[in-house]
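Structure record follows, encoded as structure tokens.
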Amino acid sequence: MDQQTIKQLAAHLEDAELNARAIHKITDDYPDLDVETAYLINEEIRHRKESRGIKTVGIKIGLTSKAKMVQMGVGKPGFGYLYDYFACADGGEIEYDRLIHPKVEPEIAFVTSKELKGPGCHIGTVLSSLEFVMPAMEIIDSRFENFRFDLPSVAADNSSSSRFVTGGRHRKVEEVELKTLGVVMETNGDIIATGAGGAVLDHPANAVATLANMLAEKGRTIPAGTFIMTGAITAAQAVHKGDNVSVHYQGLGTISCRFV
Ligand code: OOG
Ligand code: MG
């Protein structure tokens, strides 16, 4: 794929995001698109945003739990960037009409204290390089019709990233049992999903190691002080205008938002 097509597809995907309008998945028109090139499209989207002054404030890895892989029919993790305007206040409002068909995901997030470098990054390296753990809710919003895609298409689409809420209580990783940490997600007071941290690659710190190793293939590292969301513990749940969503985390408090 030539540079001009990469730029054109980045603009097409970003327009879909900013105008909240679903488009065909990229591989419908470019069936030979490989994952590596797809990530170059996403890098171009990042370049477009940063050249307008938007800041990258974190990174997310997704498709890290069986529930998500089965739900989306994609068997491998993918990553995307979190931008400043994705951040929504805990307990705050999210404008539904600016999104296409949002879904919510309960996640565990970390902030790193040391640079992480692959290849060969593993859970031990990660656990010795974390500042703290904190709750996060991701609002994903695939730009593709019917939320249907394959790995190259979703990689180009910044892994469906759209908004996130974080807050609750942050803690040192050694103070929490991340594998058995229970999570309960509610919409308007009804429990819609439950799970535990171990659903994410057996331990959410493994997701950070996977991310470091994926980035290493591109010659990159994860700098100290990076906010990282490790992927949905449960299947994502569709939300509607007016919905109040809360996620309760064992020992880490509750985060919530409302779609208006
Ligand atoms: C892709 C993004 C998945 C997660 O946490 O698993 C994701 C998607 O399902 O649209 O963010
Ligand atoms: Mg996610």
Side-chain angles (χ1 to χ4, degrees), residues 57-72 77 80 82 85-96 99 101-111 130-142 147 159-173 175-208 227-260:
V57 299
I59 193 159
K60 60 80 75 80
I61 180 164
L63 300 164
T64 46
S65 65
K66 193 159 260 164
K68 278 293 306 187
M69 289 184 187
V70 169
Q71 181 181 34
M72 305 321 294
L82 303 171
Y85 67 96
F86 288 9
C88 298
D90 182 14
E93 296 182 339
I94 297 177
E95 278 180 82
Y96 189 89
L99 309 178
H101 41 204
K103 293 185 185 181
V104 290
E105 300 182 326
E107 305 206 8
I108 288 169
F110 297 112
V111 173
L130 296 174
E131 191 69 43
F132 52 78
V133 55
M134 69 196 298
M137 183 191 326
E138 182 170 28
I139 295 94
I140 51 167
D141 194 30
S142 174
F147 239 105
S159 271
S160 309
S161 304
S162 174
R163 298 288 185 270
F164 66 92
V165 177
T166 189
R169 178 163 187 192
H170 68 282
R171 287 205 177 204
K172 289 279 172 201
V173 268
E175 291 170 7
V176 272
E177 205 57 72
L178 284 168
K179 197 167 185 158
T180 54
L181 187 132
V183 168
V184 176
M185 186 157 73
E186 293 177 359
T187 301
N188 308 322
D190 291 329
I191 294 178
I192 53 167
T194 57
V200 171
L201 296 176
D202 297 336
H203 189 297
N206 281 324
V208 178
F227 174 71
I228 303 171
M229 299 203 315
T230 59
I233 291 166
T234 71
Q237 308 288 329
V239 285
H240 304 97
K241 209 172 185 166
D243 281 349
N244 276 293
V245 184
S246 315
V247 192
H248 309 282
Y249 291 79
Q250 188 174 11
L252 296 176
T254 296
I255 50 175
S256 67
C257 65
R258 191 156 71 91
F259 290 86
V260 297

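No hydrogens, no waters, no symmetry mates; every other heavy atom, side chains included, goes into these values.
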If you measure from NZ on Lys179 to CD on Glu177, what distance do you get to the nearest 0.5 Å? 9.0 Å
Scan the side chains in residues 249-260 for donor-acceptor partners under 3.5 Å anywhere in the protein, sequence neighbours excluded, and list what turns up.
{"unit_1": "Tyr249", "atom_1": "OH", "unit_2": "Glu107", "atom_2": "N", "d": "3.2"}
{"unit_1": "Tyr249", "atom_1": "OH", "unit_2": "Glu107", "atom_2": "O", "d": "2.8"}
{"unit_1": "Tyr249", "atom_1": "OH", "unit_2": "Ala136", "atom_2": "O", "d": "2.7"}
{"unit_1": "Gln250", "atom_1": "OE1", "unit_2": "Gly182", "atom_2": "N", "d": "2.8"}
{"unit_1": "Thr254", "atom_1": "OG1", "unit_2": "His248", "atom_2": "ND1", "d": "2.8"}
{"unit_1": "Arg258", "atom_1": "NH2", "unit_2": "Glu93", "atom_2": "OE2", "d": "2.9"}

Under 3.5 Å, is there a donor-acceptor pair between the side chain of Thr64 and the main chain of Pro77? no
Are Pro106 and Thr234 side-chain neighbours, meaning at least one heavy-atom pair lies under 4.5 Å? yes
Nearest heavy-atom neighbours spanning Pro135 and Gly167: CD-O, 3.2 Å
Step by step, work out the side-chain contact (heavy atoms from CB on, under 4.5 Å) result for Val111 and Leu130. CA-CA 6 Å; Val111 173; Leu130 296 174; over 6 Å; no
CD1 (Ile192) and CD (Gln237) are apart, to the nearest 0.5 Å, by 4.5 Å
For side-chain contact (heavy atoms from CB on, under 4.5 Å), just list the numbers for Met229 and Met134, CA-CA rounded to whole Å, side-chain angles, deciding distance to a tenth of an Å, and then say yes or no. CA-CA 9 Å; Met229 299 203 315; Met134 69 196 298; over 6 Å; no
Listed partners of Lys241 passing salt bridge (Lys or Arg N to Asp or Glu O under 4.0 Å), at least two apart: Asp97
So do Glu105 and Ile140 actually touch side chain to side chain, heavy atoms under 4.5 Å? yes
What distance separates His101 NE2 from Ser142 OG, expressed to the nearest 0.5 Å? 5.0 Å
Between Arg163 and the options Ile139, Val104, Asp141, Leu82, the side-chain contact (heavy atoms from CB on, under 4.5 Å) test singles out Ile139
In this structure, CG of Asp202 is separated from CG of Leu178 (nearest 0.5 Å) by 13.0 Å
Evaluate the side-chain proximity of Phe147 to Met72: yes if any heavy-atom separation is below 4.5 Å, no if none is. yes
Can you tell me how far the SG atom of Cys88 sits from the CD1 atom of Ile94, to the nearest 0.5 Å? 4.0 Å
Minimum side-chain heavy-atom gap Phe110-Ile108 below 4.5 Å: yes
Indicate yes or no for a side-chain donor-acceptor contact from Asn206 to the backbone of Leu201 under 3.5 Å, with no hydrogens or angles considered. yes
Is the NZ or CZ atom of Lys60 positioned over Phe164's six-membered ring, under 6.0 angstrom from the centre and within 45° of the axis? no
Would you call Ser162 and Leu99 a side-chain contact if the rule is heavy atoms closer than 4.5 Å? yes
Find out whether Asn244 and Thr187 are in side-chain contact, i.e. whether some heavy atom of one side chain is under 4.5 Å from a heavy atom of the other. no
Is the shortest heavy-atom distance from the side chain of Tyr96 to the side chain of Asp243 under 4.5 Å? no
On a heavy-atom basis, which atom in Gly197 and which in Pro204 lie closest, and how many Å separate them? O-CD, 3.4 Å
Heavy-atom donor-acceptor pair, Ser246 side chain to Glu186 backbone, under 3.5 Å: no
Hey, what do you get for CZ (Arg171) to CG (Leu181), rounding to the nearest 0.5 Å? 9.5 Å
Could you give me the CA-CA distance, side-chain angles and deciding distance for Lys172 and Glu131, then say whether salt bridge (charged side-chain N to carboxylate O under 4.0 Å, His left out) is met? CA-CA 7 Å; Lys172 289 279 172 201; Glu131 191 69 43; 3.7 Å; yes
Close side-chain approach of Val133 to Val176, heavy-atom, < 4.5 Å: yes
